[in-house]
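Here is the structure we will look at, set down as structure tokens.
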Amino acid sequence: VLRVEVDNVTLPDQPIAYVYSDVDGHYNLTLGTEIFDVNVENGVGTYQFSGLDVGKYIVIVSRIDDPVYKTTFNTTEFEVNKYLNTLTISTETPNPTYGEDVTITHTFDPTGPTGNIIYYVDGSATGTELDVGQNFTLSGLGAGEHYVIAKYGGDGKYGESTSNNLTITVAKASLNIAVADVTVNYPDKGTIKVNATVDGKYTIRVKDTDYEVTITDGEGSFEVDEVLAAGTYAITWNVAETANYTGATGSANYIVLHTQ
């Protein structure tokens, strides 16, 4: 009886061949073009391979031209698998404010993988393959929680891997609206100047009348279209929050002076 057994291994481990025979002595172990000597004692001998890369192998054990047992051999197959690796992603800004970019970095354990990484945000691929070592920049995330993972496609030595699930919580940006007090002489009509941190259209109320003002590059204005009697009137605004911005409320004074 002559038998050789080799278990599959995963790098960086290297396989060991076990040769079993009912006849002690020296046997040839052939792997590709190389031949190794295995000494079988008490029915078993071993050989530690080294330097084998990823792949499938066939090994042959033989005892050639034995004067008693003649020629006998046995074969087996084994596989050297790619390195396992752990992919970890992280960011220094897990709690940004809406409008801020988020930079995500990655590490491998063990180090050494090459190739590409694809990032997924809220379950959808970003569509951009990045080289190992490149940072990933997220832009335009809406307020709320988002989930990011990365998938590594593997290379000649390292297998595929999926990262941890990274949570990004985006806070709403603050909307600030500022209106200065306005003073006019009766019967003039005043101009209201409005400053806001977010461009868009807003409703500003003067006394009991609503006016729409368009903010561009942080500024806008409108003219009061009625003549008000002398006195002090409220300028107010109450803007509801949106998906990505907080609301804003406030007030100022519209003052109409008596004329002499």
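The structure displayed is predicted, hence computed values, not measured ones.
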TODO: Provide the full list of ring pair (Phe, Tyr, Trp, His ring centres under 6.0 Å) pairs with a residue in residues 225-246, sequence neighbours left out, each pair given once.
DONE: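 Those involving residues 225-246 are Y98-Y245.
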Using the rule that Ile, Leu, Val, Met, Phe, Trp and Tyr join whenever any side-chain heavy atoms are under 4.5 Å apart, tell me whether [X] and [Y] fall into a single cluster.
| X | Y | value |
| --- | --- | --- |
| V19 | F36 | yes |
| L87 | I118 | no |
| V206 | I255 | no |
| L130 | I104 | yes |

If we count only N and O atoms by modelled type, under 3.5 Å, do the side chains of [X] and [Y] hold a donor and an acceptor together?
| X | Y | result |
| --- | --- | --- |
| S21 | Y27 | yes |
| T88 | N164 | no |
| T209 | E226 | yes |
| T249 | N238 | no |

Please check this pair: side chain of [X] against backbone of [Y], looking for a donor-acceptor N/O pair closer than 3.5 Å.
| X | Y | value |
| --- | --- | --- |
| T126 | Y119 | yes |
| E34 | L31 | no |
| H106 | G133 | yes |
| D155 | Y158 | yes |

Open item on the list: A side-chain contact here means heavy atoms from C-beta on lying under 4.5 Å apart; do V179 and I192 qualify?
Closed with: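 Contact flag for V179/I192 side chains = yes.
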Task: 4.5 Å side-chain heavy-atom contact, P15 and L52 - done: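 Yes - at least one pair of side-chain heavy atoms lies under 4.5 Å apart.
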Open item on the list: One thing to verify: whether E241 and K172 come together as a salt bridge, which I'm taking to mean a side-chain N less than 4.0 angstrom from a carboxylate O.
Closed with: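 The answer is yes: the pair qualifies as a salt bridge.
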- [ ] Grab the two heavy atoms, one from V184 and one from K189, that are nearest each other, plus how far apart they are.
- [x]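 So the two residues come closest at CG1-C, 4.3 Å.
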Open item on the list: Please find the pair of heavy atoms, one from R3 and one from V61, that lie closest to each other, and give the distance.
Closed with: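 Here R3 and V61 meet closest at C-CG1, 4.4 Å.
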- [ ] Keeping to residues at least two apart or across chains, list the salt bridge (Lys or Arg N to Asp or Glu O under 4.0 Å) pairs with something in residues 73-90.
- [x]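 Non-adjacent pairs meeting salt bridge (Lys or Arg N to Asp or Glu O under 4.0 Å): zero.
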Open item on the list: Could you measure the distance from the CG atom of L84 to the OG atom of S161? Nearest 0.5 Å is fine.
Closed with: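 The CG atom of L84 sits 9.5 Å away from the OG atom of S161.
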Task: Separation between CD1 of I35 and CG of L29, rounded to the nearest 0.5 Å - done: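 Nearest 0.5 Å value for the CD1-CG distance: 10.0 Å.
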Task: Test of ring centre spacing under 6.0 Å for F108 and Y152 - done: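 When the ring centroids of F108 and Y152 are compared, they turn out to be within the sub-6.0 Å range.
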Open item on the list: Quick check with a 6.0 Å cut-off and a 45 degree axis cone: is K56 positioned over the face of F78's six-membered ring?
Closed with: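 No - K56 does not lie over the ring of F78 by the 6.0 Å and 45° rule.
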Open item on the list: For a side chain to side chain contact (heavy atoms under 4.5 Å, CB included) check, start with the C-alpha distance between L175 and I177, then their side-chain angles and the critical distance, and finish with the verdict.
Closed with: CA-CA 7 Å; L175 168 62; I177 296 177; 4.2 Å; yes
